[in-house]
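I am attaching a structure below and will ask some questions about it afterwards.
Heavy atoms only: backbone and side chains are in, while hydrogens, waters and symmetry mates are out.
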Amino acid sequence: MLENDENKPPQPSGSDKPDIVALMQSLINSQKERDRRQEERDKRQEERDKDRDKRQEERDKRQEERDKRQEERDKERDERDKERDKRQEDRDKRQEERDKALNDKLSALADSMKGVTDSVDNLRKNMLRTSQHHATPVSFSALMPIDEDPFASPTGGRTQRVSGLEAPLSTPIKLQKVAAKYDTAHYHGLGREYDSEGVPTEHLFERLGEGWLDAYNAVRDTDCTAVANSTRRFCQRRSYGDLPLEDYRQTVVHELFKAIEARLMRQRRNDTTVLCWEDRHDCPMSNGRKLDGILQARVYGLDTDWQSVVVSVELKSAEHGHGDNHLRGQIFQNFLDMSEDQPRRYMLGLAVAGKCQVRAYLCTPSGVVWSNVGLLQSAGDVTAEHKNFIRFIMVLYKMLPCDYGFLTSKVCGVLDKFMFSDIPNCELPDTGSSSTTVKVSGRKAFGGRHGMLTGPQSWIYRAQIGGADGSTTSAIFKFIWHPKDGSEVAVHKKVQEMGIPYIPRLLHSATIAARNQGQNSEEILQGEILVIEDAGLSVYDFAFDVIRDGRSNRLVDIFAGYMHTLLAAASADEHTYVLHRDVSIGNLFVCNNQPVVIDWGCGMIAQRTVARTPSDIKFVGTAPFMGIRVLQKSPIRTIIDDLESLFLVLAHIVWNAYGTRSSNYQTLWGRASEMQDVADSRTLWLGSETELINRMDLRQDESVLIDLVKRLYKLLFPADIRIGDISKSVMDPRMAKFSPRKWLKEFELAAKKCSVTEMPCLVKLREFVEANPRLEPPGNTSKSGKRKTGDRRDSSFFDSAEPHSKK
């Protein structure tokens, strides 16, 4: 018993029990406190979640409201477009009736006077050309030199010699690049419009870059006898008999591409290839044109369109020709369609003609080259030329869509939604911009210069820009390829720094590093990206909206704002001046009833000197809105040229709203083929105020816009200066008497006829002119009648009629 008692554990004494109870109670209280704090945290978290959900619901609601308003605006715009089209159809119908009645009455007289009329017109044009082009040659050797324009984009005038190619870099004269009819005449004309040069196949790949040349060298020794024999057996089984030769070759090309695709899939052990062949002989593209075949990027969930095409194929039974060849014209039209909405650095096409000769065409901003790449397989023996063509096709399949000159490096290549980081060699000013997303609205470009095969190319899209925080902003996205050093970004930033009014804010910008196209090419391509804030409606759409609603007076104030922008850019800085040089219907916008001037890609930043000298890059702009001196290729550009373009935009709007689209309209604004024809027609149209009005065939004369056109015409073409003298003089004779105050006065006189009392743009223009008396010519005074001591004419902004000589 004693041993058992000794082994028992000691029992707590009565004094130890309260300590244990207190400890347990303390633990319980601590747990309760932790639970209470946790409940409070959960409650605060729940409140934050509710608050965040509420804010998200509000954001979603606001977004739905914005989307709803956008849909309403789109619906209203569609209704306006339908109504405008209907009015235009009514006008056209009435005009046809008038023309028919007039033709019935004057048919006999027209026949008898036709010869006399033609003789008079030819005589007038010959006299104009003689006076303008046979003047005494002018030497510019005595002019004071200025710095070369490092920021000017070479979008016109000059020709760039690259490997025997001369490609004019001027903007196309056509307002609409879509052909009215894709017929034989159109293709022959397009084939004559652009020259091309033959080069060896290796040189063609060198122009495309090192990646292409490496792929070509990798397949040079590839044994393609199996594919060639397979195609030969198909040709032997499929004797064309009564089939047309082109249809027979169509089946052979289709079989060859499919055989190569099958071989590549077996080699890669994959069910698909990045690129795929499609026979489009009986299936039209989105614009109605039928190609013999296309090699395209696989874009899942999207219909086949020109944006996904990487190589187009055309077949003809005739031999490869020169100059006016129909097949060349088809290939060139394919290039135009491929680049309509898809930014491309270059484009490829294949043409099979004659005795199965295959020719590859390469189009770059500097010109078009071609190379004979082999023969299409026939039922005869397999030759080295047949294998060369097969190897060429294998090179095409080795490349990704982004290797075909697309903007982004995404596998599909189609421009839809991407980030700046998806663009190869994109150099951003800050790392934060690389995550910015760009979603192109509808994947359709609404502007830009991509209606010609050669010269700088640009595409302008409406887009939604997404930030890192998930927010989106409506903006305008512009991409540019140009073959020489130049920077629209620099010009846009410059006018922003100068405080020029009515310039959209630059949200993001980036450059794409200049690169050589290849070892045998002198061409250096440079790309730029601009994202600017939304500019609203084009002035053309805005004009017809306000004219329809009886508010055409608003345009007087809007055009006063445009003039303010151009004057301020050309005079705001003491050391440099900026000329827009591409004032046109597509670069003037209206946003929230405020004018907006975009597209400074042709802008010139130059140093102020004692005398203005010829610009190295002079022939730029949009042809139908070029001033008369620019059309005549005058080497010197001034502010008058920008203001004359602004006048032509206003005249174009007035002509469409109140006039008749006669043959004069087509020559001046439509599809004129020669720049000289436009210059001659412009000279006849602007020869007098009577000709100005008569050729427009205005149906009314009480509109304030017509009155403003007449007033600006008198300022640009005064009675004491002949229009022929304006073109042939070295310096623009109008500059000697050019006065911003006179322009302001004409706008104010036109505004007095308006029912609108508030004209904020005109008020700002008045304040600008009054604050800058130095812009007035000698003898002009301010309203107070005084001129500050030392104020004088800015010599580089308003030059005299003759240049100064070197001392």
Report yes or no: does Glu340 contribute a side-chain atom to a donor-acceptor pair with the main-chain N or O of Gln307 at less than 3.5 Å?
no

Expected output: side-chain Arg344 to main-chain Met338 donor-acceptor under 3.5 Å:
yes

Under 3.5 Å: donor-acceptor pair, side chain of Glu528, backbone of Glu488
yes

Rounded at 0.5 Å granularity, tell me how far CZ in Phe257 sits from OG1 in Thr231.
11.0 Å

Would you say Ser371's side chain and Val199's backbone share a donor-acceptor pair under 3.5 angstrom?
yes

Carboxylate-amine/guanidinium proximity below 4.0 Å for Lys75 and Asp78:
no

Quick check against the 3.5 Å criterion: does Arg328 have a side-chain atom that pairs as donor or acceptor with the backbone of Gly191?
yes

Answer whether the closest heavy-atom distance between the side chains of Val438 and Ile465 falls below 4.5 Å.
yes

Cys224 to Lys387 - nearest heavy-atom pair and separation:
SG-CB, 3.5 Å

Any chance you could measure Leu396, atom CG, to Tyr404, atom OH, to the nearest 0.5 Å?
4.0 Å

For the pair Asp214 (side chain) and Gly211 (backbone), establish whether a donor and an acceptor sit closer than 3.5 Å, ignoring hydrogens and angles.
no

Name all residues meeting the side chain to side chain donor-acceptor pair (under 3.5 Å) criterion together with Ser584; count only those two or more places apart in sequence or in a different chain, and write none if there are none.
Asn587

Answer yes when Lys398 and Asp403 have at least one side-chain N-carboxylate O distance shorter than 4.0 Å, and no when they do not.
no

Between Ile476 and Ile460, is a side-chain contact (heavy atoms from CB on, under 4.5 Å) present by the stated rule, with each step listed?
CA-CA 7 Å; Ile476 292 178; Ile460 305 177; 3.4 Å; yes

With side chain to side chain donor-acceptor pair (under 3.5 Å) as the test, pick out the partner of Trp277 among Gln296, Glu261, His254.
His254

Can you tell if the side chain of Met285 reaches within under 4.5 Å of the side chain of Val309, non-hydrogen atoms only?
yes

Heavy-atom closest pair, residues Val253 and Leu315:
CG2-CD2, 3.7 Å

Any side-chain heavy-atom pair from Ile512 and Ile423 closer than 4.5 angstrom?
yes

Side-chain (His386) to main-chain (Thr383) donor-acceptor, under 3.5 angstrom
yes

Tell me, with the steps shown, if Phe406 and Phe418 meet ring-ring contact (aromatic ring centres under 6.0 Å, His included).
CA-CA 13 Å; Phe406 288 4; Phe418 58 93; over 10 Å; no

For Ser474, enumerate each residue passing the side chain to side chain contact (heavy atoms under 4.5 Å, CB included) test, keeping only those at least two apart in sequence or located in another chain.
Gln464, Asp534

Closest approach of Tyr361 and Phe332, non-hydrogen atoms and distance?
CD2-CE2, 4.3 Å

Can Lys417 and Thr437 be counted as having a side-chain donor-acceptor contact under 3.5 angstrom?
no

Please determine whether side-chain contact (heavy atoms from CB on, under 4.5 Å) holds for the pair Asp599 and Lys478, giving the CA-CA distance in whole Å, both sets of side-chain angles, and the decisive distance to 0.1 Å.
CA-CA 9 Å; Asp599 194 358; Lys478 181 176 183 181; 2.4 Å; yes

Measuring only between side-chain heavy atoms, which start at C-beta, is Leu256 closer than 4.5 Å to Gln377?
no

Test side-chain contact (heavy atoms from CB on, under 4.5 Å) applied to Leu295 and Val313, step by step:
CA-CA 8 Å; Leu295 190 62; Val313 179; over 6 Å; no

Are Arg462 and Phe446 in a cation-pi contact, defined as NZ or CZ under 6.0 Å from the six-membered ring centre and within 45° of the axis?
yes

Side chains of Ile294 and Trp306: closer than 4.5 Å at any heavy-atom pair?
no

Minimum-distance pair of heavy atoms, taken over all atoms of Phe335 and Met347:
O-SD, 3.1 Å

So, does Ser538 use its side chain to make a donor-acceptor pair with the main chain of Asp541 at under 3.5 Å?
yes

To the nearest 0.5 Å, tell me how far Trp481 CH2 sits from Ser458 OG.
13.0 Å

Non-hydrogen side-chain atoms of Leu350 and Phe389 separated by less than 4.5 Å
yes

Just verifying a value: how many Å separate Arg289 CZ and Gln330 CD, rounded to the nearest 0.5 Å?
7.0 Å

Hey, could you give me the CD1/CG distance between Ile480 and Leu530, rounded to the nearest 0.5 Å?
5.0 Å

Could you tell me whether a side-chain N or O of Arg220 sits under 3.5 Å from a main-chain N or O of Arg391, the two making a donor and an acceptor?
no

Exercise: identify the closest heavy-atom pair between Ala360 and Phe392:
CB-CZ, 3.7 Å

Decide yes or no on side-chain contact (heavy atoms from CB on, under 4.5 Å) for Gln357 and Leu375, but give the supporting numbers first.
CA-CA 5 Å; Gln357 180 69 49; Leu375 295 174; 3.6 Å; yes

With a 6.0 Å cut-off (strictly less than), is the heavy-atom count around CG of Asp381, excluding the residue itself, greater than 12?
no

Nearest heavy-atom pair of Ile331 and Ser312: which atoms, and what distance?
CD1-OG, 4.4 Å

Could you go step by step and tell me if Arg207 and Thr364 meet the side-chain hydrogen bond (donor to acceptor under 3.5 Å, both in side chains) rule?
CA-CA 9 Å; Arg207 289 172 179 268; Thr364 72; 5.7 Å; no

Does the Trp459 side chain pair with the main chain of Ser339, one donor and one acceptor, at a distance under 3.5 Å?
yes

Value rounded to 0.5 Å, distance of CD in Glu96 from CD in Glu89:
10.5 Å

Considering only heavy atoms from C-beta outward, does the side chain of Asn388 approach that of Val373 to under 4.5 Å?
no

Sidechain N-carboxylate O distance under 4.0 Å for Arg84, Asp81:
yes

Does any non-hydrogen side-chain atom of Leu208 lie less than 4.5 Å from one of Phe205?
yes

